[in-house]
Amino acid sequence: MPLTLQDYENEYPLRQLPQTAEVTRIAPSPTGRPHIGTAMQAIIDRAMANQNRGVFILRVEDTDQTRLVPGAVEEIVNALDWLGTRPDEGPGFGGQYGPYTQSERLSLYRTAAAWLVQHGHAFHCFCSVERMEQVRELQIARGEKTMYDGHCARLSEQEVTSRLASGETAVIRMRVPRGEELAFSDVVRGRISFDSNEIDESVLLKTDGFPTYHLAAVVDDHFMRITTIVRGEEWISSTPKHALLFDYFGWPLPRFLHTPLLRDSDKRKLSKRSGDTSVAFFASQGILPGGFRNFLTRIIWPHPDGKDIYDFDEFVAKFKPGELPKTGPVVDYALLTFINGHYVWQLDRQELYRAVVSLLDNLIAAGEGFTDLLVDEGDGEIVSHEQLMLFRSSFQADPDKALRILTVGAERFRRLTDVILQARFYYAGFFCPPTAERLVGVAGNPVLAAQFISAYRDNFRTSPDFNWDQFVRGEAKRLGVKAGKLFMLLRIAVSGSDKTPPLHDILGILGYEEVERRLELAGDLISNRNLP
């Protein structure tokens with residue numbers, strides 16, 4: 001015998017939690033990679049649950065079977081794990097209010113839909129796709145809102161029974177009263193009301209027996225005993241239907257908290273045209289979980305002390321849901337890298353070394369190269385798959401050298417990928433010699449450049465431990481130029497860049513043989529610059 005709604009009430013009793021405890025849920029559809037908006041809502045949900053010993057649930061909404069992506073559920077779980085917002089209940093996490101995948105709860109939705117029909121709050125609709133398209137086209141031609149026209153809502157009970165008995169398929173639609181105000185309260189936005197004449201009589205149960213979002217979300221939020229529903233503002237227009245369904249069932253209405261849609265640097269809704277916004281993308285760009293959490297809380301919530309950098313526990317302790325913004329925060333990559341840098345700097349060198357190796361492993365396993373996309377405009381530097389493999393090999397071949405690199409460059413690294421982008425020049429296989437024109441341009445003329453490089457090499461060869469700083473200043477005085485010009489010439493000659501850690505540290509890490517090789521190369525470049 002099928003279970004009744006009352007049977008389900010007994011199966012999923014009220015939770016025994018502190019009075020002020022929140023039960024929250026994140027309910028993604030496994031139709032793609034979890035994105036930054038999912039991460040933002042997970043952080044809010046996890047924080048609210050943590051505040052008073054509540055429960056955070058992962059629920060998989062897979063009722064649209066045509067759009068499922070293999071492996072998407074695993075990626076959702078991995079993203080929440082990486083983010084540090086691990087659910088208390090959900091697929092793979094256990095819990096007494098499951099199953100937590102909607103396709104495994106079909107009997108519950110069908111029971112709920114039948115109850116609504118039995119009590120006059122829903123009806124069977126036999127309208128074909130062709131008829132619905134004709135109605136839609138006519139409404140558009142008249143300049144009317146496209147919505148169901150109520151055709152089957154007027155069918156008699158006898159006709160419905162007869163048509164179902166004959167094998168005719170039907171969906172179940174909810175009834176919506178006309179001429180009424182439908183209102184609900186939002187934690188951030190306050191009271192929101194709609195004219196019921198503008199609310200569509202949406203499908204609740206499809207002909208294949210699967211529910212739509214409207215029915216499944218309401219039923220699950222009730223039987224999982226959700227106290228506050230956190231979701232994006234795109235669902236505000238659907239909330240009157242959900243509030244109406246809660247009322248039809250006689251269930252207590254949870255609180256609603258609609259988060260604003262995130263925006264890109266052009267103040268447009270963050271979307272595919274904004275580039276990859278998946279959680280995995282930000283991880284692949286060298287962002288740390290703590291930095292990502294801190295960034296997301298920073299753009300949606302004003303810290304009472306005006307701080308930019310704070311850990312998740314501090315956010316949990318001071319966060320008030322009503323303080324969330326109504327307008328969409330901007331995903332500012334400059335702010336993200338600034339905040340993330342503080343989390344990189346907090347790692348000791350061994351932790352940073354392991355984190356960089358792990359990132360390299362993941363990038364290489366993906367089978368692609370790395371493109372720096374957290375830049376203000378266009379694409380940043382590109383590192384091929386082969387170069388990533390070479391860098392990993394070089395980096396791991398001499399851990400002591402790697403740790404010295406991480407130590408001298410620590411404050412320059414704001415992302416893990418900065419280590420890859422900025423530390424390659426230390427390895428012979430990656431060194432890109434400067435052009436002769438660049439070397440001469442720094443010195444001011446070719447004769448001066450050649451004389452200085454030659455004199456420095458001679459001293460370096462005979463006594464690698466000589467006081468090079470004093471020597472450079474002496475040469476500057478002898479040649480009649482500023483010392484800074486010669487220091488820059490030496491920096492570019494041995495590193496290929498004018499932006500590096502202190503020169504003394506670079507020379508020490510490169511070692512005698514590599515410094516000698518690069519100085520010789522620089523001298524040859526200058527000497528041969530005018531040769532055909």
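Here the structure is a predicted model, which means the values were calculated and not measured. The residues of the chain are indexed from 1 along the displayed sequence.
Ile57 has its side chain within reach of Ile226: a pair of non-hydrogen atoms, C-beta onward, lies under 4.5 Å apart. Looking at heavy atoms from C-beta onward, Phe126 lies out of side-chain contact with Thr169 at the 4.5 angstrom threshold. A heavy-atom distance below 4.5 Å is found between the side chains of Thr38 and Ile26. Side-chain contact between Val171 and His124: absent, with no pair of heavy atoms (C-beta onward) separated by less than 4.5 Å. Using a 4.5 Å heavy-atom threshold, the side chains of Asp186 and Thr239 count as separate. Side-chain contact between Phe370 and Leu388 is present, with heavy atoms from C-beta onward closer than 4.5 Å. For the pair Leu336 and Leu374, the minimum side-chain heavy-atom distance is below 4.5 Å. Between Ser29 and Asp62, the closest side-chain pair of non-hydrogen atoms is not below 4.5 Å.
Considering CD of Gln134 and CG of Asp149, their distance stands at 11.0 Å, rounded to 0.5 Å. Atom OG of Ser202 and atom CG of Leu244 lie 11.0 Å apart (nearest 0.5 Å). Between Leu80 atom CG and Phe93 atom CZ the span is 7.0 Å, to the nearest 0.5 Å. Atom CG of Asn294 is separated from atom CG of Asp308 by 8.0 Å, given to the nearest 0.5 angstrom. To the nearest 0.5 Å, atoms CG (Leu373) and CZ (Phe281) are separated by 4.5 Å.
Between Trp301 and Phe319, the ring planes are perpendicular. Angles over 60° get that label, and only those under 30° would be called parallel. A perpendicular orientation is assigned to the rings of His342 and Phe338, their planes being inclined by more than 60° (bins at 30° and 60°).
Side chain of Thr31 to backbone of Leu68: no donor-acceptor contact under 3.5 angstrom is found. Between the His385 side chain and the Ile364 main chain, a donor and an acceptor come within less than 3.5 Å of each other. Panel note: side chain Ser196, backbone Pro177; a donor-acceptor pair is recorded below 3.5 Å. At distances below 3.5 Å, not a single donor-acceptor pair connects side-chain atoms of Arg105 with backbone N or O atoms of Thr101. No donor-acceptor pair closer than 3.5 Å links the side chain of Asn340 to the backbone N or O of Ile287.
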Could you check His222 against Phe246 for ring-ring contact (aromatic ring centres under 6.0 Å, His included), going step by step and ending with a plain yes or no?
CA-CA 8 Å; His222 172 68; Phe246 274 104; 7.1 Å; no

For Trp115 and Tyr248, run ring-ring contact (aromatic ring centres under 6.0 Å, His included): C-alpha distance rounded to whole Å, both residues' side-chain angles, the deciding distance at 0.1 Å, then the answer.
CA-CA 10 Å; Trp115 187 96; Tyr248 285 162; 8.7 Å; no

Side chain to side chain contact (heavy atoms under 4.5 Å, CB included) between Tyr310 and Thr297, intermediate numbers included:
CA-CA 9 Å; Tyr310 46 83; Thr297 62; 3.1 Å; yes

In sequence, state the C-alpha distance, the side-chain angles, and the governing distance for Gln6 and Asn10, and then conclude on side-chain hydrogen bond (donor to acceptor under 3.5 Å, both in side chains).
CA-CA 6 Å; Gln6 185 55 54; Asn10 297 334; 3.3 Å; yes

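Lys318 and Asp305 are joined by a salt bridge, as a carboxylate oxygen and a charged side-chain nitrogen come within less than 4.0 angstrom of each other. Residues Glu233 and Lys326 are not paired through a salt bridge, judged by the lack of any N-O separation under 4.0 Å between the basic side chain and the carboxylate. With respect to Arg173 and Glu201, no salt bridge is recorded, no charged nitrogen being found less than 4.0 Å from a carboxylate O. Contact check on Arg225 versus Glu22 returns no salt bridge, with no Lys/Arg side-chain nitrogen under 4.0 Å from an Asp/Glu carboxylate oxygen. The residues Asp418 and Arg414 are annotated as not salt-bridged, no charged nitrogen and carboxylate oxygen being separated by less than 4.0 angstrom. For Glu89 and Arg25, the salt-bridge test fails: no basic side-chain N is under 4.0 Å from an acidic carboxylate O. Between Arg59 and Asp221 a salt bridge is recorded (basic side-chain N to carboxylate O distance below 4.0 Å). A salt bridge links Asp88 to Arg46: one of the charged nitrogens lies within less than 4.0 Å of a carboxylate oxygen.
Annotation: Phe256 is in aromatic contact with Phe184 [ring centroid separation under 6.0 Å]. Centroid-to-centroid, the aromatic rings of Phe223 and Trp251 come within less than 6.0 Å. Separation of the Phe413 and Trp345 ring centroids does not fall under the 6.0 Å cut-off.
Shown here are the salt bridge (Lys or Arg N to Asp or Glu O under 4.0 Å) partners of Asp247, two or more places apart in sequence or in another chain: there are none.
Atom CD of Glu181 has more than 12 neighbouring heavy atoms from other residues, nucleotides or ligands inside a 6.0 Å radius. Counting non-hydrogen atoms of other residues, nucleotides and ligands closer than 6.0 Å to CD of Glu157 gives a total of 12 or fewer. Annotation: Arg15, atom CZ; neighbour count of heavy atoms from other residues, nucleotides and ligands within 6.0 Å is above 12. Around atom CZ of Arg136, no more than 12 heavy atoms belonging to other residues, nucleotides or ligands sit under 6.0 Å away.
If you check the side chains of Tyr8 and Ser107, you find a donor sitting under 3.5 Å from an acceptor. At a cut-off of 3.5 Å, with distance as the only test, no side-chain donor of Asp64 or Tyr213 sits close to an acceptor on the other residue. A donor-acceptor contact under 3.5 angstrom links the side chains of Asp7 and Thr4, judged on distance only.
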